[in-house]
Amino acid sequence: KGQALLGLDRAGEAITWFKEAKELTSNPVVLRMLGQAYYKKEEWSEAAATLSKYAGTAGVKKDVGLIQHLANATYHAGDIPKALELVRQALVEFPSDATLLALEVKFRREDRTEGTMQQSAGVYFDVKFEDLPDQQDLRAKILKALDEAYQQVTRDFSHYPDKNVPVVIYPSSVSFASGAGAPNWAAANFYGKIRIPAEAAKASDESLRRVVTHEFTHMIQLQSARKITGRIPAFYFHAIGYENDSRVDVLHGGPNFIA
């Protein structure tokens, strides 16, 4: 029944069913399915802990799918070094697995820039940042813009995230480009996290507000598009070209191409 509930995208009910089943049997498969249900519901800490416990059970074969899910859950739970370690260990056994190779590149890139960051949990956002005294005012300005974007966009879409939104504030445009894999023209981006360099706050309040609202809107659009069923993936494509502009009060020039 739990597997059927998962297939119907009723992960919350599946979690309840598997938790009850776990009390009645020692079959480790139930533990794995519980981990998968947590994973599907994006309860990352629970998914990582449960899948890790399953992987450590005597006699369990660690297949590549299990390691992929465990590493991803660990990453989303905020432990990038551990996720990277899991992937590197798995690559010894599965050296040509394309998904593991891609995860290794992603986790290694982010660990370089986020590994020394501090994390602060707010009302709506979980924020990672370098604790540099000369950037306190810049971080405060970004967080204010984020809070304003949250109020505006959630109201406009009538959709409210059920978890805090992860945000990474990079200390420089160089670390932003390196850690986020962003092109040098990008002012910010969203790929599972809102990523933005602290120096974005040096632009005008209106320019910063537009950038932050733009990235937060991507997240809300993707979440709201999955409300009907998580089995139908949501995706979007857009392209914007910008005029060159070196003014200090803007992040980039006005658009000259939109698709």
Side-chain angles (χ1 to χ4, degrees), residues 1-55 57 60-80 83 86-87 90 97-100 102-103 106-107 121 123-126 150 153-167 189-194 215-238:
K1 183 178 178 179
Q3 288 177 292
L5 289 169
L6 269 183
L8 294 171
D9 260 352
R10 292 158 61 181
E13 295 173 68
I15 289 170
T16 300
W17 196 93
F18 286 126
K19 286 173 73 174
E20 292 175 354
K22 186 167 68 73
E23 300 302 316
L24 301 174
T25 179
S26 59
N27 187 339
V29 173
V30 175
L31 196 61
R32 177 166 187 172
M33 296 308 298
L34 176 60
Q36 291 296 112
Y38 280 130
Y39 188 97
K40 196 159 190 176
K41 202 167 186 297
E42 298 184 357
E43 295 186 6
W44 302 118
S45 295
E46 292 84 355
T50 305
L51 291 174
S52 180
K53 185 175 181 180
Y54 170 77
T57 302
V60 164
K61 177 176 173 58
K62 298 179 183 179
D63 59 87
V64 68
L66 169 63
I67 301 302
Q68 289 171 1
H69 282 94
L70 175 55
N72 251 323
T74 302
Y75 164 81
H76 286 292
D79 194 344
I80 300 176
L86 287 166
V87 168
D97 183 81
T99 298
L100 288 176
L103 290 177
K106 176 182 177 180
F107 295 168
V123 178
Y124 305 123
F125 301 96
D126 290 335
Y150 185 99
V153 178
T154 55
R155 182 181 63 249
D156 290 346
F157 280 81
S158 296
H159 178 83
Y160 299 84
D162 59 358
K163 301 178 182 67
N164 276 17
V165 179
V167 176
N189 70 16
F190 172 77
Y191 292 104
K193 308 174 186 178
I194 295 175
E215 302 306 335
F216 185 72
T217 300
H218 281 322
M219 193 214 72
I220 293 297
Q221 286 177 323
L222 288 170
Q223 282 196 358
S224 59
R226 297 188 318 181
K227 285 174 66 177
I228 299 175
T229 169
R231 287 176 294 170
I232 301 175
F235 64 92
Y236 66 87
F237 170 82
H238 78 184

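Remark: Arg32 engages Asp63 in a salt bridge, criterion side-chain N to carboxylate O under 4.0 Å.
Shortest non-hydrogen contact noted between Ile80 and Phe107 is CG2-O, 3.6 Å. When all heavy atoms of Leu100 and Val87 are compared, the closest pair comes out as O-CG1, 3.3 Å. The minimum heavy-atom distance between Phe216 and Val153, with the atom names listed, is CD2-CB, 3.6 Å. Of all the heavy atoms in Thr154 and Pro161, the pair that sits closest is CG2-CD, 4.0 Å. Residue Ala11 comes nearest to Ala37 through the heavy atom pair CB-O, 3.8 Å, listed as atom of the first residue, atom of the second, then distance.
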Passes side-chain contact (heavy atoms from CB on, under 4.5 Å), His159 versus Gln223? Steps please. CA-CA 8 Å; His159 178 83; Gln223 282 196 358; 3.1 Å; yes
Determine, step by step, whether Ile194 and Met219 satisfy the side-chain contact (heavy atoms from CB on, under 4.5 Å) criterion, reporting the C-alpha distance in whole Å, the side-chain angles of both residues, the deciding distance to 0.1 Å, and the verdict. CA-CA 8 Å; Ile194 295 175; Met219 193 214 72; 5.5 Å; no
Stepwise side-chain contact (heavy atoms from CB on, under 4.5 Å) check, Leu31 with Phe18: CA-CA 8 Å; Leu31 196 61; Phe18 286 126; over 6 Å; no
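The main-chain N or O of Lys53 is found under 3.5 Å from a side-chain atom of Thr57 such that the two form a donor-acceptor pair. For the pair Lys40 (side chain) and Leu6 (backbone), a donor-acceptor distance under 3.5 Å is present. Side-chain N or O atoms of Glu215 include one that pairs as donor or acceptor with a backbone N or O of Phe190 at under 3.5 Å.
The distance between the ring centers of Tyr39 and Trp44 falls below 6.0 angstrom.
Expressed to the nearest 0.5 Å, how far NZ of Lys22 lies from CE of Met33 amounts to 15.0 Å.
Sorted by first and then second residue, the salt bridge (Lys or Arg N to Asp or Glu O under 4.0 Å) pairs with a member in residues 154-164 form an empty list; sequence neighbours excluded.
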With a cut-off of 3.5 Å and sequence neighbours excluded, list every side-chain donor-acceptor pair involving residues 64-74.
unit_1: Gln68; atom_1: NE2; unit_2: Asp97; atom_2: OD2; d: 3.0
unit_1: His69; atom_1: ND1; unit_2: Gly65; atom_2: O; d: 2.9
unit_1: Thr74; atom_1: OG1; unit_2: Leu70; atom_2: O; d: 2.7

